[in-house]
Amino acid sequence: MEHTSGPLLVIAGAGSGKTRTLTHRAARLVEDRISPRSILLLTFTRKAASEMLDRASRLLDARCAQIAGGTFHAFSNMLIKKYARHLKINPSFSILDRADSHHLISMVKQQLGVSKKIRSFPKPKTLAQIFSMSANKEISVEDAVADHFSHLLEYTEVVRTISTKYIHYKLLHHFLDYDDLLVYAKRLLSEHEDIRARVSSTYRYIMVDEYQDTNRIQAELLYLLAESHENIMAVGDDSQSIYAFRGADIQNIMDFPKRFKNTRILRLEQNYRSVQPILQVANAILEKAEERYPKRLFTKKSGGNIPCLIRAEDENTQSRFVVEEVRRLQAGGVPLSQMAVLFRSGFHSFDLEVELKRSGIPFVKVGGFQFAEAAHIKDFLAYLKVMVNPYDKLSWLRILMLLERIGPKTAEKIFQAIVSKDAGLGGFYALDDDTFHPEGIHPLKEMFKAVFEENSSPVETGEGVLRYYLPLLRSHYEDHPKRTKELEQVLVLMDRYASLEAFLADMALEPPNTSSGTVLYLPETGKERLTLSTIHSAKGLEWHTVFIIYTLEGRFPTFQSTLQPHALEEELRLMYVAATRAKENLFFIYPEEVFDRSTGRILNRPSQFLQDIPKHTLKKQVARTRSDARRRFQSNGTRRFYR
């Protein structure tokens, strides 16, 4: 089907080639002589947009590279920078990353004396989640606490006070956090009809990836952008909507045909990843969903093993089953890198990690820290941030307190002195060295003058900052050689940018991650290692063989989710996502006789999502590890194994 004008909703089942669909659509629009500059592709990662446009360019020609592609937050940032005066904000605002937001919230808490008065008060990270939920769902802070953090109800008034002060602080110091980017972009388009008409006429063809992951405010942005023409194509899978905890709203994709009355719906049901037996189980899981777009996955791939539901005596038997099956598959030629163990919550893998260490199987547990959250990277970026926004209090305090004899109080005094001059970096240059620690302040002044006032390129500016920072790095970190290498890699990134502002925006909006997460144990070198991952982190990935552990009622789904229909539906979708990561082999495993301390119950039944699935679709077995089998053989002469 070829579709050019009007709203189109593509329901793309797992492994059905949604990326290919978006790529071909982009190339065809350009081929039909539609200006690439009038096409907007919105995704959730910059990498996804870049890959799609690269593929489209290879498919057609270089014109596709002119398509506007990027994340919702990056697009919003561009709009706000362009029309900042209409929003009455400083266009040189700094974007707070997650760590910066937590730091600022912590400062607000301290100023209000909350930390001293209430020891059990929620930490800045939790407060940031509350404020984010409030912004993305467009609800009050009070409602966010009541709906999603009910255990904190007693602190509602104080949380609201902190939120108000946090917002005031951001305005005062020209800060915007991630959520503000969406909030201000929506405000711009909704309150300024002329700007909305201009932007909408600029981008006459809109394509959106992973539509099921949009939150309410992102959906509202799209309605505003497409208002004048309704040429919008949304691609997503309602059955893979698993990020409600981030504010994603499945109703966006369910209500798309209601918001755009003439919507055509296209279903992609052919799966190019998994064998049919795995898809049969995935379809059976999905049939239990109350609200969904009907679809049935199929494949033209032949063969495949029937997925197994494994009952293990206890948690350690579950772990040993995984270890022995991994060894068996390795012996059969399946690389470790093509196997993964998935789980609902991070703590579910603890016993398995011990067993893997004992067995000498190298593994990586996915979920590493953000590269830009490392202390030395944040130090380095702080110098650059004050060049762009001289009133960035968090960055000033950070770089000042790197100097000897300067603590929080002195740093605060210096910052206030800079602000009082109202002259940007000139306010810093005008400080009296004799008053403020000359042996530390003077070299810092000289560095700023040298790298900032010579119209240096971003990478030249970075090199100048690094020369100044290296002695401080060596004095603060024992592993400074490793950290120096990482900072040199930042310079490589900077060399790709024409402006410091653009570099800092990208580092805040979508910083590079560590390559593969935090390696908890890796007893041998090389690339071959087993992947351990939460299901949320595994979305979009695939492996030859997948083990899903702790598929136990009370663990997956959790007890809490069984009390809320919407939460239970999301747990079911999470199981579907996990199952569709497997290409050839799929194992669901649950331990019996697990004592749950919070409820005082013994958990011994498989997940309700796996119950009532016919035996010819899901084979049920009992885990008998080799050590168990030997013990049984010695006791009664009969050898039994899990096969």
State whether the number of non-hydrogen atoms from other residues, nucleotides or ligands found under 6.0 Å of [X] atom [atom1] is greater than 12.
X	atom1	value
Arg196	CZ	yes
Gln416	CD	yes
His566	NE2	no
Arg37	CZ	no

Please find out if less than 6.0 Å separates the ring center of [X] from that of [Y].
X	Y	result
His192	Tyr83	no
His376	Phe380	no
Tyr166	Phe131	yes
Phe260	Tyr223	yes
His229	Tyr205	no
Phe175	Tyr391	no

Verdict with supporting geometry, Lys539 and Asp213, salt bridge (Lys or Arg N to Asp or Glu O under 4.0 Å)
CA-CA 12 Å; Lys539 185 173 177 291; Asp213 292 336; 3.7 Å; yes

Pi-cation contact, Phe93 with Lys81 (under 6.0 Å, within 45°)
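Judged by the rule (NZ or CZ under 6.0 Å from the ring centre, within 45° of its axis), Lys81 counts as positioned above Phe93.
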
Test salt bridge (Lys or Arg N to Asp or Glu O under 4.0 Å) on Lys378 and Asp97; report intermediate values, then the result.
CA-CA 10 Å; Lys378 290 188 72 64; Asp97 61 22; 3.0 Å; yes

Between Asn215 and Tyr243, is there a side-chain donor-acceptor contact under 3.5 Å, judged purely by atom types and distance?
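Absent: no donor and acceptor within the cut-off.
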
Donor-acceptor side-chain pairing of Thr534 and Ser537 below 3.5 angstrom:
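Indeed, the side chains of Thr534 and Ser537 share at least one donor-acceptor pair under 3.5 Å.
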
From Leu96 atom CG to Ser101 atom OG, the distance as rounded to the nearest 0.5 Å
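Reported to 0.5 Å precision, the distance equals 4.5 Å.
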
N/O donor-acceptor pair under 3.5 Å between [X] side chain and [Y] backbone:
X	Y	answer
Glu460	Ser457	yes
Ser241	Asp238	no
Arg259	Asp255	no
Ser395	Lys385	no

Geometric class of the Tyr178/His73 ring pair [parallel <30°, tilted 30-60°, perpendicular >60°]:
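His73 and Tyr178: perpendicular rings.
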
Could you check whether the rings of Trp396 and Phe428 sit parallel, tilted or perpendicular, using 30° and 60° as the cut-offs?
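Taking Phe428 first and then Trp396, their aromatic rings sit tilted (interplane angle of 30° to 60°).
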
